Amino acid sequence: MEDQPLTKLTPEELQTKPEATQATIQMQDIYYARMAQEQAQNDQKYSDKEEDTNKFLAQIKEVKKKVSAGTASYDDLKETLFQYVFTIAAPQSDQTVAKVRDEVTVALESVLPASNLTVLISLDSAATDAQLDELSQIVSGIRLFHRLTQRGSEDLLDYALLCENDVAELLTQIQFVVTESQKTELSEVLMMNKEIEQGLYKREEYKMSLDLRKAELWNRSQFRILCEELFRDSLEINSFVARACEEYHSLSQQLLNNISGKKSVPKAQIYPLFIRLSRVWRGLSAAYDDIITTRYLFASILPNAYPRHDNIEKQLEELGQFQLEDLPTVSFVPTISEEERDQLLKEEADRLQQGQPPTLIPEDLANEVEAPGMATDVQIVPHTHSSFDSLQIDFNSFCPVCLVRRQGLLMGGDPTLGCAVWNSTDNETFSVLCSDESCLRSFCQNPRWFVSTILKACKESPELVYLLKLNKHFTDFEILAPTHPILTRAQLFAQLPTTVPQQVRMVDSDSQTPHHFVTQKIVPKYEWNEWNMRREALKLVSLKTKRTLSSQTTQSHFRREAETQAYEMVDSSTNTGVDAGTSAKRHIMYVKGLRGKPTEKVEVVRVELDMNDDPAQQRKRP
C-alpha cells in the first residue's frame, strides 16, 4: 500500500484506520469543500449582479442611439436609466416596492433632471460608462444619507454595525477554542514525548496504543491549525472593518455638517462625499460576506473541538491493553551487529542514489545514511535576518526530525534557532524549523532522508498531506478548489487609503568610481543647478514679451559697423652708391663800427652761410 497512489485508497481501506484518522480526513474534506462552496456562492451572487448591471448599461447605449435617430423618446431613456441606477442604489430591494422606487426616483431626479438628458446623449461610450457609474454612486450615497438622518431608505442594512458586532463575537469564539485546543495538544505532546524518549514504543504491547494516541494528536493539530487559519482571517477582517467603519462615520459626519440646516450646498462639495460613502458601504457589504463565510467554516469543524477520550479508552479496552500510567520506565539498546549495520547503510545509500524513497531504519543510523558524493547544501537563515519573514516554512512549521525519529510526534519548530533551507537535487527548496539544536544538526547532516521519509509517510497516512501542507507534492490527492484571498472584493469596492507603512529594507551595497571618466558624451551646456535653470527659463519667457524696433538715420549711418579690405604694406629698401645730405642756407646780420674809432661809420653787415660749401669760400656781403 505504501507505493499505491492516494487516489486509489478506497473507502474500505480508509475505514481500517483509527477513528481519529477518519475524523481528520473528514474534517479536511468538509472544511475545504465548504470554503470552495461559500466562495463560489459569493462569486455567483456578484456575478449575477454584474451581469444585470451590464445588461442595463447596454440597453442605455442602445436607447441613446435610438433617441439620436428619433425612433425613441427621452422617457424611454429615463426609464432604462432608472433600472440601471436602481440595481446599484437598492441592491437588496425589488422594483415592485413603491416606497423604494419613489426614493430612488427622487434621488436620481435631484442629480440628473430629465432636462439634462441631452448631455448624456452627446457622450461617447467610455465617458457614458464613467458618468453612469458615478451617477449610481451618488444616488446610493444620497440614500445612505437619508437612512442616516432617518428620512427613509430602511431597506439598506447598516453593515458598519453588523460587521463590528459580528467580527468581534467571531474573534472571541475562535480565540477561546484555539486556546483550549493548544492546551490539550501541548499536554498530550509532552506526555507522548516523554514516553517515546523512554523507548516505550519499542514494545509491541505499547505500539497499538501509541498509534491510537498519535492519530488523535494529529486530529487535534489539524483542528487547531484550521482554527488558527480562521483566526488570522478574522483578524484581517477586523482590521479592515475598523478602518472602513472609521471612514464611514467620518464621511457621515462631514455630510451632516455640510448639509444640515442649509437650503443649498455646492455640488462639488458634497458629491465626492456621497461617492466615497457609497464605496465604503459596498466594501463593508463584501466584508460581511467574508464574515459569514468564516463563521460557516468555523461551524463546520466545531464538532471536532473536543477530544474523543472515551473512544480511545474504548478502543484500548477492545485491544486488551493496560492503562498507560502503569507502563514501567525502560531503556532501549539496539542489538544490531556491525556487519548488519554496514549492510543496512550500504543498501540505504544505494536506494537514495537511485532516487527511491528510503526504508525505515533505526533512528541511531539516520544521520549516517547518505548517497556517495551527494552534498547536503543546507543554509541556516537566522531569525534576525531580513529575509526570514519572507521564507515559506514547509511541514506547517513542525519539526521534521521529531516527526521521523519520534514516531510521528508533531513538535512545533523554534524560530529563534533559525530556518534550515535545503536545495534538493530535484530543484526543490525546503525551509524547515526544528524544535531544538540537536534536531537542527541532525537535519543538516542528512536532510534528504528526513524529507523522503515524511513524503513516504504521507502515502501511508493521507491525513498528513494537508496537515503538513504538502499537497503540492501530491497532485493526485488535490481536494482544494481554487480560492481567492479574503477581502479581495471588499478592498476593491471600498478603495480605502493605505495607512500601513511599508517595511523599510536595508541593503548593503557599494560602488566603485573609475579613475578616468569617459568624456565623449559630456554636454558642455549641461546645467545641474535648478535655480540657474529657472533663471534662464525666466529670461527666455521675459524675452517673449519684448520687441526690438530699429530705423536707419544719417547719424546712425556713420556709427554702423563697416569693414574694408586693403593690401598689407610691404617693407622694402634700396642701396645707393653715395651718402649725401643737404642743408638750407643761413643768413646772418650784424652791425659793424660800434667799437673802435669814434669817427668810423656804422654799417650793417649781412653774411650768407652755405653749409654745403667750403668754409674758406664763405663771403661777406655788405
Side-chain angles (χ1 to χ4, degrees), residues 46-148 151-153 155-156 251 254-255 258-259 262-283 285 492-495:
Y46 285 98
S47 177
D48 294 342
K49 189 178 295 295
E50 184 179 2
E51 184 178 352
D52 294 339
T53 304
N54 293 335
K55 180 183 67 174
F56 290 128
L57 185 61
Q59 292 179 2
I60 291 175
K61 295 179 180 180
E62 187 66 25
V63 174
K64 279 178 52 179
K65 296 179 181 179
K66 293 181 179 181
V67 172
S68 301
T71 58
S73 62
Y74 282 97
D75 293 337
D76 299 333
L77 179 60
K78 182 179 179 181
E79 179 62 24
T80 309
L81 181 62
F82 169 80
Q83 294 176 356
Y84 171 82
V85 175
F86 189 92
T87 305
I88 299 177
Q92 299 159 345
S93 301
D94 190 1
Q95 296 187 18
T96 58
V97 181
K99 182 178 180 181
V100 178
R101 186 180 179 89
D102 294 341
E103 291 175 352
V104 176
T105 302
V106 172
L108 178 60
E109 186 68 22
S110 64
V111 180
L112 183 63
S115 58
N116 294 341
L117 290 178
T118 55
V119 179
L120 187 63
I121 299 295
S122 60
L123 298 178
D124 58 5
S125 179
T128 301
D129 295 343
Q131 289 296 325
L132 291 180
D133 179 70
E134 184 176 343
L135 175 64
S136 60
Q137 298 294 340
I138 295 174
V139 173
S140 179
I142 293 175
R143 298 200 67 224
L144 289 171
F145 180 75
H146 288 167
R147 189 191 185 285
L148 178 66
R151 292 189 296 177
S153 303
D155 59 301
L156 299 179
L251 294 172
Q254 292 182 40
L255 287 172
N258 293 333
I259 297 178
K262 299 180 181 179
K263 295 183 179 180
S264 62
V265 182
K267 296 180 180 179
Q269 183 178 356
I270 60 171
Y271 277 5
L273 298 179
F274 284 141
I275 295 175
R276 290 170 56 192
L277 184 67
S278 174
R279 289 175 177 172
V280 173
W281 183 81
R282 291 185 64 192
S285 173
L492 179 63
F493 288 163
Q495 299 182 7

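Fair warning: this is a prediction, and the values are worked out from it, not measured in the lab.
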- Item | Under 3.5 Å side-chain donor-acceptor pair for K64 and T128 | yes
- Message: For a quick check under 3.5 Å, do S125 and K61 share a side-chain donor-acceptor pair by atom type?
- Response: yes
Can you check whether [X] reaches [Y] side chain to side chain, under 4.5 Å on heavy atoms?
{"X": "Q137", "Y": "R276", "answer": "no"}
{"X": "V139", "Y": "F274", "answer": "no"}
{"X": "V67", "Y": "L117", "answer": "no"}

- Cationic N near anionic O, under 4.0 Å, R101 to E79: yes
- Stepwise, does the salt bridge (Lys or Arg N to Asp or Glu O under 4.0 Å) test hold for K78 with E109? CA-CA 10 Å; K78 182 179 179 181; E109 186 68 22; 3.8 Å; yes
- Query: Which heavy atom of A107 sits nearest a heavy atom of I142, and at what distance?
  - Reply: CB-CG2, 4.0 Å
- Task: Please name the pair of heavy atoms, one in T80 and one in F56, separated by the smallest distance, quoted to 0.1 Å.
- Result: CG2-O, 4.0 Å
Tell me whether [X] contacts the main-chain N or O of [Y] through its side chain, where contact means a donor paired with an acceptor under 3.5 Å.
{"X": "T71", "Y": "K66", "answer": "yes"}
{"X": "N54", "Y": "E50", "answer": "yes"}
{"X": "S153", "Y": "R143", "answer": "yes"}
{"X": "S285", "Y": "W281", "answer": "no"}

Say you draw a straight line from [atom1] of [X] to [atom2] of [Y]; how long is it, rounded to the nearest 0.5 Å?
{"X": "I138", "Y": "Q131", "atom1": "CD1", "atom2": "CD", "value": "8.5 Å"}
{"X": "L144", "Y": "L277", "atom1": "CG", "atom2": "CG", "value": "5.0 Å"}
{"X": "I60", "Y": "L81", "atom1": "CD1", "atom2": "CG", "value": "5.0 Å"}
{"X": "F145", "Y": "N258", "atom1": "CZ", "atom2": "CG", "value": "9.0 Å"}

